[in-house]
Amino acid sequence: MSTHPRHDLDEIIHAPVRLSIMAALAAADRVDFRFLKETLEVSDSLLSKHVLILEKAGYVKVSKGFVGKRPRTSLSLTDEGKAAFATYTAVLRRITGA
Amino acid sequence: MNTPSPAQALQEIQRVEGHIRAAERRFGAICLATGIGAPLYWAAMLFAPTLRTPVTLAWMLFTLVLCGLMMRIGAKGRRLTQIMYWVAGGDLVLFLAPAALSFVYGPAPLPSSWTVPGAALCVASGLPMLYAAWRLMKTR
């Protein structure tokens, strides 16, 4: 049985775009889709794909609304997502000794 | 895209957190502008009644521009959530205090006995937003 902490890394989070999405949502209470897209420098479709994975995992809540006549999609972490990200960063620190 | 190493993952988390902090600082800059503008607005309203119309129009334009900038920020950071209700409550009370005084005296200039309290109310009207600006713009 392997006990290396890297096996404890959550594979849903430990992927380039999803990690960045989770990091942004962990640092903020609510982030707009557009802000994420610009911060992560990814296309709409790639971001949507990864948001959907995180949403299906129960980590991210997606809210759609309007500001004036413009549609606005906002994202936030669920309690489960917050807990998963806290565990994930704790494992990273254990591995790197940070 | 390859799976990041743990060190790269931590670096990416810090990079993204930096973007969120930058968004908070932009919000803080808007609070700073409001905190400076509010006392000037009320000073003109209370002590220079002849300027009321242009100052009111300028204030409306100023707040519209700031609202537009605020909506473009796109991220609501943790620090903003922590202070938002206290600042909004304080701002409501302290911003409306000079408004009450202005309502009581109407278009007439304030009597001289009200100069110091009136000036104090003008200064106080900007304090909640200046506090918010300080909280949001400080590095840590």
Side-chain angles (χ1 to χ4, degrees), chain A residues 4-43 46 49-50 63 65-70 72-77 82 85-86 88-98, chain B residues 1-31 60-89 131-133 135-140:
Chain A
H4 194 283
R6 73 173 177 275
H7 297 292
D8 296 333
L9 282 173
D10 186 331
E11 286 181 14
I12 296 170
I13 301 174
H14 195 62
V17 177
R18 293 198 291 274
L19 160 66
S20 306
I21 296 170
M22 292 294 287
L25 298 182
D29 281 336
R30 180 187 52 71
V31 174
D32 288 350
F33 187 90
R34 181 186 52 80
F35 178 92
L36 263 185
K37 189 186 130 185
E38 287 165 8
T39 303
L40 275 49
E41 298 173 10
V42 291
S43 65
L46 185 66
K49 182 184 134 189
H50 287 290
S63 317
F66 283 87
V67 176
K69 287 181 179 175
R70 290 186 177 177
R72 175 174 281 193
T73 304
S74 299
L75 311 169
S76 56
L77 280 189
K82 285 176 192 166
F85 191 71
Y88 173 77
T89 51
V91 174
L92 283 181
R93 289 197 183 93
R94 248 169 50 216
I95 295 170
T96 58
Chain B
M1 275 183 265
N2 298 324
T3 306
S5 70
Q8 284 171 330
L10 282 173
Q11 272 177 4
E12 174 60 8
I13 291 168
Q14 283 177 353
R15 186 191 76 84
V16 173
E17 282 173 351
H19 278 271
I20 300 294
R21 276 199 298 276
E24 274 191 329
R25 283 196 292 274
R26 285 199 291 278
F27 210 99
I30 290 170
C31 292
M60 286 166 71
L61 182 67
F62 179 69
T63 49
L64 274 176
V65 169
L66 292 183
C67 284
L69 291 173
M70 206 158 41
M71 284 196 288
R72 288 174 61 90
I73 291 176
K76 187 176 147 214
R78 286 271 150 76
R79 281 193 282 200
L80 177 61
T81 308
Q82 284 167 8
I83 61 169
M84 173 165 105
Y85 294 108
W86 287 107
V87 169
Y131 169 73
R135 286 289 304 269
L136 295 172
M137 293 175 82
K138 68 179 181 179
T139 324
R140 264 287 160 201

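Chain letters run A, B, ... following the sequence lines, proteins first and then strands; every chain starts at 1.
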Taking all atoms of both residues into account, what is the closest heavy-atom pair of [X] and [Y], and its distance?
| X | Y | result |
| --- | --- | --- |
| P6(B) | T96(A) | CB-CG2, 3.7 Å |
| H14(A) | T3(B) | CD2-CG2, 3.0 Å |
| L25(A) | R78(B) | O-NH2, 3.9 Å |
| I20(B) | A27(A) | CG2-O, 3.6 Å |
| T39(A) | H19(B) | CG2-CG, 3.4 Å |

Open item on the list: With a 4.5 angstrom heavy-atom cut-off, is it the side chain or the backbone of I73(B) that approaches chain A, or both, or neither?
Closed with: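 Interface part for I73(B): backbone (N, CA, C, O).
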
TODO: Determine the option with the most heavy-atom pairs under 4.5 angstrom with chain B, choosing from A26(A), S74(A), A15(A).
DONE: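 Heavy-atom pair counts peak at A26(A).
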
Open item on the list: Working to the nearest 0.5 angstrom, can you tell me the gap between D29(A) CG and M84(B) CE?
Closed with: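 Going from CG on D29(A) over to CE on M84(B), the span is 8.5 Å.
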
TODO: Any chance you could measure S76(A), atom OG, to K76(B), atom NZ, to the nearest 0.5 Å?
DONE: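 Separation between the atoms: 9.5 Å.
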
For [X], is it the side chain, the backbone, both or neither that has a heavy atom under 4.5 Å from a heavy atom of chain B?
| X | result |
| --- | --- |
| F33(A) | neither |
| L36(A) | neither |
| R34(A) | side chain |

TODO: Could you tell me which of G74(B), A9(B), A75(B) has the largest number of non-hydrogen atom pairs under 4.5 Å with chain A?
DONE: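 Highest number of heavy-atom pairs under 4.5 Å: G74(B).
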
